[in-house]
Participant: 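Okay, handing you the structure first.
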2 protein chains.
Amino acid sequence: MHTDSVHGHTDPATALARAEALCRERGARFTPLRRRVFELVVEAGQPLTAYELLARFAEDGGNPAPPTVYRALEFLQAHGLVHRLASQNRWVVCDHPSDPHGGLFLVCRTCGRAVEWADEGVAQALHTSARAAGFQLPVEVLPEVEGLCGDCVDAH
Amino acid sequence: MHTDSVHGHTDPATALARAEALCRERGARFTPLRRRVFELVVEAGQPLTAYELLARFAEDGGNPAPPTVYRALEFLQAHGLVHRLASQNRWVVCDHPSDPHGGLFLVCRTCGRAVEWADEGVAQALHTSARAAGFQLPVEVLPEVEGLCGDCVDAH
DNA sequence: CGTTAAGTGTTATGTTATAGCGGTATTATA
DNA sequence: TATAATACCGCTATAACATAACACTTAACG
Ligand SMILES: [Zn+2]
Ligand SMILES: [Zn+2]
Ligand SMILES: [Zn+2]
Ligand SMILES: [Zn+2]
């Protein structure tokens, strides 16, 4: 089984440059607002709620209303720059945008850390199982499961 | 690979009897309120939001407030009688309570139908993948994925 | 330029979920 | 049975998450 991990440790500058390049390629506008939202999500290094983002804007003296932030997040998601963790109501940076990918989101029940784990084995098992149930899944599927990360297991 | 499906077509009377028996065994109180909530979820035959449940109570002339319904749902969930679909903010009856089980929730993007699909292959792939990422998953893991059910695929 | 589309600010509101308190019903114990 | 402890539920209020709709500004394109 081929297993390929991508950890959430891309440095912010690289992530920003990559996002900017990707948007330029596609003719999508990486506006200051969208850039700032992306930057905040990258810097957080962990999943954030939309309202946590709003709070960070407020720290900067900004004052956007919820729709402003939600719209930016939707743009970023549409371009694969962030993922929405539906089970957590949170948003997190994608570590390998521009590359369509399925996989698995592992979310720590204790510390909230999330790891996007690209694993063809899981994706394949999911598609096989879904087909057996008569379901057709999109190519990219990214289920979320809760567990304990290594650090939190060690700390009992 | 062993694949075992359980469809959402258990008849309401049977489901109720089973729930009642299960609670009696465990010394848990299957009160009228909890019974009614369970019955409504069973009858719906598809995932419901808590507020849809509240509306059905209202149809009956009842008037519970949100916490009342949420508490009943949490009780039912704790006893494995219903599952919460975190990605959908909905609740759905479990087709094989009393039997700890992992698997997969397949949710149709179009019609909203949800199928709980017990598949050891998926559960195993998830645990293997999670371990590789340093995560420890609970024994029962039930990720949710969105796709198209057979009917909705046929209807284009 | 002028026209059009895309992006953003803003207000208001809709939807989902929980905290906390006080009263009632059930159970456990003497 | 009396009493104490616990579990359950009604209720009010509020927190947390998300979107509709409209006005205004900015960018894209001839
Ligand atoms: Zn990704
Ligand atoms: Zn952790
Ligand atoms: Zn189940
Ligand atoms: Zn369908």
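Because the structure is a prediction, the values reported are computed rather than measured.
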Participant: Would you mind telling me which of D:dT19, C:dG9, C:dT18 lies closest to the side-chain atoms of A:E74?
Facilitator: D:dT19

Participant: Give the rounded distance in Å between these two atoms: CZ of B:R36 and P of D:dC9.
Facilitator: 15 Å

Participant: Side-chain contact, heavy-atom cut-off 4.5 Å: A:L81 with A:C23?
Facilitator: yes

Participant: Does a nitrogen or oxygen in the side chain of A:R90 sit under 4.0 Å from OP1 or OP2 of D:dC17?
Facilitator: no

Participant: Using the closest heavy atom to pick a nucleotide of DNA chain D for each, name whichever of A:A50 or B:A28 lands nearer the 5' end.
Facilitator: B:A28

Participant: Choose from C:dG20, D:dT19, D:dC8 the nucleotide whose nearest atom is closest to any side-chain atom of B:R29.
Facilitator: D:dC8

Participant: Which whole-number value in Å describes the distance from B:L53 CG to C:dA17 P?
Facilitator: 11 Å

Participant: When the distance from CZ of B:F75 to P of D:dC8 is rounded to whole Å, what number comes out?
Facilitator: 7 Å

Participant: What I want to check is whether an N or O donor and acceptor connect the side chain of A:Y51 with the base of D:dA15 at under 3.5 Å.
Facilitator: no

Participant: OP1 or OP2 of D:dC8 sitting under 4.0 Å from any side-chain N/O of B:T31?
Facilitator: no

Participant: To the nearest Å, give me how far apart CZ (B:F57) and P (D:dG10) are.
Facilitator: 9 Å

Participant: Between B:R71 and B:N89, name the one whose nearest nucleotide on DNA chain C is closer to the 5' end.
Facilitator: B:N89

Participant: Below the 4.0 Å mark, does D:dA18 have OP1 or OP2 next to a side-chain nitrogen or oxygen of A:Y70?
Facilitator: yes

Participant: Kindly point out which of C:dT10, C:dT16, D:dA18 is positioned nearest to the side chain of A:R84?
Facilitator: D:dA18

Participant: Please determine whether a side-chain nitrogen of the Lys or Arg among A:R36 and A:E39 lies less than 4.0 Å from a carboxylate oxygen of the Asp or Glu.
Facilitator: yes

Participant: To the nearest Å, give me how far apart CD (B:Q88) and P (C:dT15) are.
Facilitator: 17 Å

Participant: Can you tell me the distance, in whole Å, between the CZ atom of B:R26 and the P atom of C:dT27?
Facilitator: 18 Å

Participant: Are there more than 12 heavy atoms of other residues, nucleotides or ligands under 6.0 Å from atom CZ of A:R131?
Facilitator: no

Participant: Can you find a side chain N or O atom of B:R34 that sits less than 4.0 Å from OP1 or OP2 on D:dC9?
Facilitator: yes

Participant: In whole Å, what is the span from the CG atom of A:L48 to the P atom of D:dA18?
Facilitator: 13 Å

Participant: Rounded to whole Å, please give me the gap between CZ in B:F30 and P in D:dC9.
Facilitator: 11 Å

Participant: Below the 4.0 Å mark, does C:dG9 have OP1 or OP2 next to a side-chain nitrogen or oxygen of A:T68?
Facilitator: yes

Participant: Please determine whether the number of non-hydrogen atoms from other residues, nucleotides or ligands lying under 6.0 Å from atom CD of A:Q124 exceeds 12.
Facilitator: no

Participant: Using a strict 4.0 Å threshold on nitrogen-to-oxygen distance, state whether A:E59 and A:R56 make a salt bridge.
Facilitator: no

